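This is a predicted model, so every value here is computed, not measured. Indexing begins at 1, ligand by ligand and atom by atom, following the structure's order. As a basis for the values below, the full set of heavy atoms in this structure was taken, side chains included, without hydrogen atoms, waters or symmetry mates.
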Amino acid sequence: MDQELLEEIKRLIIGGKVKRISNAVQMALVSGFEPQTIIDTMTGAMLQVGELFHNSDIYVPEMLVAAAAMKKGMTLLRPLLSAERQTNKVKYILGTVQGDLHDVGKNLVCCTLESYGFEVVDLGVDVAPKDFVAAVEQHSDCYLLGLSALLTTTIPSITATIEALSEAGLRDRLFIMVGGAPITWEVAREVGADSYSPDAYGTAQAALRYVEERKKEEEAEE
Ligand code: B1M
């Protein structure tokens with residue numbers, strides 16, 4: 001298999017070439033690369049984009065088109081993930097809290113979770129506490145919830161969301177994960193979350209760890 005095809009995908013993601021990504025992904029598939037290998041390549045490229053942005057080597061517009069290219073590539077690959085992963089999926093409800101319109105980081109978390117096999121219910125941005133409650137009620141088999149906040153001023157929306165879930169009697173069944181630029185472990189504890197991750201990869205790892213622990217506990221109880 002031609003490794004250059006993966007390198008090209010990487011370059012197209014980093015360069016935000018939304019129109020050309022589908023063709024490149026198709027070519028990699030035809031040449032025999034597994035969908036997961038292509039997803040890992042795209043995730044690696046997005047991590048590089050995050051680093052470039054962090055070092056001010058690129059700016060917001062470049063980062064937004066890179067995220068759009070990744071999203072386009074994912075739409076082709078998602079249906080091709082193995083049947084086992086399609087049917088045996090763990091749900092994860094994710095959204096940016098009320099008052100907050102930032103979604104680049106949340107979308108990266110979404111893509112990364114999907115690439116690790118989670119079925120993400122993405123509620124979008126500016127999600128009111130009552131809408132998180134409604135989604136948790138609707139997806140009664142879901143026990144993972146992720147709240148993203150990028151503004152210091154929207155941290156109270158996390159608290160309000162967790163309070164609304166408690167009032168609805170849903171808090172105890174959930175593992176609540178929080179993240180976003182102003183969030184730290186200290187903030188996570190203050191708002192009453194169960195977990196904090198500084199980035200998308202850490203979020204997926206923490207979710208996988210929790211699912212494993214939960215499975216072990218369930219097996220021990222049987
Ligand atoms: Co906004 N903005 N913005 N903005 N913006 C910030 C966040 C800010 C730090 C810029 C600054 O002043 N230096 C600042 C917040 C200051 C603060 O409160 N501490 C700020 C502000 C003030 C504002 C406005 C109020 C500006 C204004 O209008 N006066 C306004 C608010 C609008 C609103 O939300 N109501 C505003 C608007 C905007 C745009 C619309 C222009 C645009 C958003 C576009 C969009 O998202 N569709 C925007 C942008 C792009 C930014 C910056 C420049 C970049 C954010 C970003 O996309 N980062 C940002 C400055 C910065 O961060 N350097 C800034 C890249 C992304 C990959 O990283 O989102 O951090 P990030 O996500 C990471 C992690 O945080 C983590 O994983 C991701 C990937 O690894 N993560 C999670 C995120 N969510 C997670 C959830 C998890 C776990 C990890 O668990 C569930």
Q) Can you check whether T43 reaches M70 side chain to side chain, under 4.5 Å on heavy atoms? A) yes
Q: Verify the neighbour count for atom CD of E62: are there more than 12 heavy atoms of other residues, nucleotides or ligands below 6.0 Å?
A: yes
(Q) Are any of the N/O atoms on Y92, whether in the backbone or the side chain, positioned under 3.5 angstrom from an N/O atom of ligand 1? (A) no
Q) Which of the listed options, D100, T152, L113, V109, holds the heavy atom that is closest to atom 18 (O) of ligand 1? A) T152
Q: Check whether any side-chain heavy atom of L144 lies under 4.5 Å from a side-chain heavy atom of F118, and answer yes or no.
A: yes
Q | Name of the residue among E167, Q98, E163 meeting side-chain contact (heavy atoms from CB on, under 4.5 Å) with P129 | A | Q98
Q: Note the single closest protein heavy atom to atom 61 (C) of ligand 1, along with its residue, its atom name and the distance in Å.
A: F53 CE2, 4.2 Å
Q: Specify the protein heavy atom at minimum distance from atom 45 (C) of ligand 1: its residue, its atom name, and the distance to 0.1 Å.
A: D103 OD1, 3.4 Å
Q) Hey, is atom 11 (C) of ligand 1 under 4.0 Å from any protein heavy atom? A) no
Q | Stepwise side-chain contact (heavy atoms from CB on, under 4.5 Å) check, L147 with F132 | A | CA-CA 9 Å; L147 306 174; F132 278 112; 3.5 Å; yes
Q. Quick check: are there more than 12 heavy atoms from other residues, nucleotides or ligands sitting under 6.0 Å from CD of E7?
A. yes
Q. Would you say A200 has any N or O atom under 3.5 Å from an N or O of ligand 1, going by distance alone?
A. yes
Q | Enumerated ligand 1 atoms positioned under 4.0 Å from heavy atoms of S197 | A | 88 (C), 89 (C)
Q. Can you find a heavy atom in the side chain of R189 that is under 4.5 Å from one in the side chain of Y196?
A. no
Q: Determine, counting only non-hydrogen atoms of the protein, whether one lies under 4.0 angstrom from atom 52 (C) of ligand 1.
A: no
Q: Could you tell me if any non-hydrogen atom of G99 lies under 4.0 Å from any atom of ligand 1?
A: yes
Q.
Would P198 count as a contact residue for ligand 1, given that I'm defining contact as a non-hydrogen atom of the residue lying under 4.0 Å from a ligand atom?
A. yes
Q.
Would K89 and E114 count as a salt bridge (charged side-chain N to carboxylate O under 4.0 Å, His left out) here? Give the steps.
A. CA-CA 10 Å; K89 282 188 164 186; E114 284 179 343; over 6 Å; no
Q. Any non-hydrogen protein atom below 4.0 Å of atom 20 (C) of ligand 1?
A. yes
Q: Mark yes when over 12 heavy atoms from residues, nucleotides or ligands other than K91 sit less than 6.0 Å from its NZ; otherwise mark no.
A: yes
Q: Quick one: look at V178 and ligand 1, take heavy-atom pairs under 4.0 Å, and tell me if it's side chain, backbone, both or neither.
A: backbone
Q) Relative to the ring of F175, is the ring of Y210 parallel (under 30°), tilted (30 to 60°) or perpendicular (over 60°)? A) parallel
Q: Identify, for atom 49 (C) of ligand 1, the protein heavy atom at the shortest distance, and state residue, atom and that distance.
A: H102 CD2, 3.7 Å
Q. Is there side-chain contact between P35 and L29, with heavy atoms separated by less than 4.5 Å?
A. yes
Q) Are the charged groups of K216 and E212 less than 4.0 angstrom apart, N to O? A) no
Q | Nearest option to atom 57 (O) of ligand 1, as decided by whichever heavy atom of V104, T203, L108 sits closest | A | V104
Q) Roughly how far, to the nearest 0.5 Å, is CD1 of I21 from CE of M74? A) 12.0 Å
Q | Exceeds 12 heavy-atom contacts within 6.0 angstrom, atom CG of D172 | A | no
**Q.** Heavy atom of the protein closest to atom 34 (O) of ligand 1 (residue, atom name, distance)
**A.** L101 N, 2.6 Å
Q: Using a strict 4.0 Å cut-off to heavy atoms of G146, name the atoms of ligand 1 that fall inside it.
A: 91 (C)
Q: Answer with side chain, backbone, both or neither: which part of L147 has a heavy atom less than 4.0 angstrom from an atom of ligand 1?
A: backbone
Q. Among G179, S195, A188, which one has a heavy atom closest to atom 85 (C) of ligand 1?
A. G179
Q: Looking only at protein heavy atoms, identify the closest one to atom 15 (C) of ligand 1 and say how far it is in Å.
A: L151 CD2, 3.5 Å
Q | Protein contact of atom 50 (C) of ligand 1 - nearest heavy atom, named by residue and atom, plus distance | A | V60 CG1, 3.5 Å
Q: Answer with yes or no whether the side chains of D40 and Q36 bring together a donor and an acceptor at under 3.5 Å.
A: yes
Q: Specify whether the nearest protein heavy atom to atom 59 (C) of ligand 1 is under 4.0 angstrom away.
A: no
Q) To the nearest 0.1 Å, how far is atom 70 (O) of ligand 1 from its closest protein heavy atom, and which atom is that? A) L150 CD1, 3.7 Å
Q. In the protein, what heavy atom is nearest to atom 81 (N) of ligand 1, and what distance, to one decimal place, separates them?
A. G180 N, 3.5 Å
Q | Nearest protein heavy atom under 4.0 Å from atom 41 (C) of ligand 1, yes or no | A | no
Q.
Among all the protein's heavy atoms, is there at least one whose distance to atom 37 (C) of ligand 1 comes out below 4.0 Å?
A. yes
(Q) Tell me whether atom 28 (O) of ligand 1 lies less than 4.0 Å from at least one protein heavy-atom position. (A) no
Q: Using a strict 4.0 Å cut-off to heavy atoms of A181, name the atoms of ligand 1 that fall inside it.
A: 75 (O)
Q) Is the number of heavy atoms from other residues, nucleotides or ligands within 6.0 Å of CD (E218) greater than 12? A) yes
